[in-house]
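Inspection log for the structure reproduced underneath, given as structure tokens.
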Protein chains: 2
Amino acid sequence: MSYGKFDLSLYGILDPGRSMGRDLVDLAEASIAGGVTFLQLRDKKGTTKSMVKTARRILEVARPRNVPLVINDRVDVAFAAAADGVHLGQEDMAPEDARRLLGADAIIGVTIHSLAEADAAPVKVADYYGVGGIYATASKHNPDAPIGIDGFAMILDALKGRDEVARLVGIAGIDLSNTAPVIAAGADGVAIISAIYMQDDPQSAARHFSGVIADSRSRAGL
Amino acid sequence: MSYGKFDLSLYGILDPGRSMGRDLVDLAEASIAGGVTFLQLRDKKGTTKSMVKTARRILEVARPRNVPLVINDRVDVAFAAAADGVHLGQEDMAPEDARRLLGADAIIGVTIHSLAEADAAPVKVADYYGVGGIYATASKHNPDAPIGIDGFAMILDALKGRDEVARLVGIAGIDLSNTAPVIAAGADGVAIISAIYMQDDPQSAARHFSGVIADSRSRAGL
């Protein structure tokens with residue numbers, strides 16, 4: 001299955017540690033109903049077997065809605081579950097290796113934290129970049145200071161300078177109040193964890209984000 | 001690279017948590033010099049990137065000596081590093097999925113703890129089985145009681161009943177004093193962690209094991 005035109009607008013990250021103990025499949029379904037357009041499964045503690053099983057269950061609800069699912073880090077899990085691709089951090093497998101393993105149709109995302117990483121990123125291997133942390137966040141331990149909107153814009157310029165069709169999502173600490181500047185700066189979307197999946201009503205939270213993203217694009221003339 | 005006739009006799013498990021802080025490549029090299037015939041890299045805590053790097057470095061010393069290296073659990077690491085295969089626990093990827101990913105030439109090992117797991121193991125997918133825990137061990141948290149030599153022999157019979165060419169290594173708590181019964185019971189080899197890699201002189205420890213294994217085979221008429 002190939003997602004040539006996948007939509008990064010509202011990128012939801014499912015993490016069992018940021019789910020308030022709820023089933024990730026239920027969260028996936030609710031957030032898709034609210035407007036999430038892209039999903040990542042991130043599980044740094046589960047067994048391989050449990051990750052494959054969870055990924056397969058999420059795919060059952062995401063595929064019929066044309067929402068791609070990528071797996072954080074674990075190329076083996078993506079392959080075994082026949083997920084749509086992987087998202088790779090700087091401490092994960094090299095994107096070229098992942099591409100070789102998963103093939104041309106897989107979606108490969110790469111995290112970029114700094115201009116130095118943007119300059120070192122392999123050209124035209126990644127399908128998109130996750131750029132951040134933009135704001136401070138409680139969802140992940142980030143040793144570096146947030147890059148802010150200015151940092152995000154600089155990295156965006158650097159990546160588009162190397163690959164004019166590069167697509168980017170902003171990540172870290174994004175909530176309803178600070179989404180607009182990320183979109184206005186040129187992001188193709190925002191990656192959200194807590195502001196959707198740690199909310200009592202993830203579907204409603206996702207719907208609010210969809211509205212804010214549409215508004216922000218309209219105001220920015222995008 | 002295919003290892004149709006790989007030798008399981010002395011199976012060393014390299015684990016950064018059971019290395020006394022020493023470099024795994026040095027440990028690999030010393031233990032091969034002492035007679036280790038097969039290597040597994042087990043790292044439950046490292047990043048994917050660091051595992052791939054370590055695996056590649058171990059392969060540089062193991063390949064010239066015709067010692068295969070398999071990776072515990074992580075099929076993605078095995079693929080990226082072009083290691084010789086994987087060793088899969090019961091909570092890891094299904095062996096059939098790993099075979100599909102790594103191809104016919106890869107070495108796939110599967111852990112078996114009980115007769116029930118032996119009966120449920122896929123037939124003729126694994127190239128060998130790691131059967132145990134035979135004795136009590138400090139190298140890994142094993143929730144179940146050791147199966148002992150009698151348990152090992154029962155599982156060996158069950159696996160050979162399903163696949164007459166099944167090959168088996170005994171694992172857990174094996175040291176120089178209790179290797180002979182494992183070999184006499186029909187094991188193709190013994191898997192060792194602490195009794196080699198937690199020793200001051202891993203090369204000498206491996207050499208002693210090689211001697212004990214040869215003696216045990218000779219006494220058992222193998």
Show your reasoning for whether side chain to side chain contact (heavy atoms under 4.5 Å, CB included) applies to A:Leu101 and B:Leu101. CA-CA 8 Å; A:Leu101 206 162; B:Leu101 205 162; 3.6 Å; yes
If the contact rule is any heavy atom under 4.5 Å from chain A, which residues of residues 30-50 of chain B qualify, in numerical order? B:Thr47, B:Thr48, B:Lys49
Please list, in residue-number order, every residue in residues 89-96 of chain B that has a heavy atom less than 4.5 Å from any heavy atom of chain A; write 'none' if there are none. B:Gln90, B:Glu91, B:Asp92, B:Met93
Inspect the surroundings of NZ in A:Lys160 and state if more than 12 heavy atoms from other residues, nucleotides or ligands are less than 6.0 Å away. yes
Quick one: CG on B:Asp76 to CG on A:Asp97, what's the gap to the nearest 0.5 Å? 10.5 Å
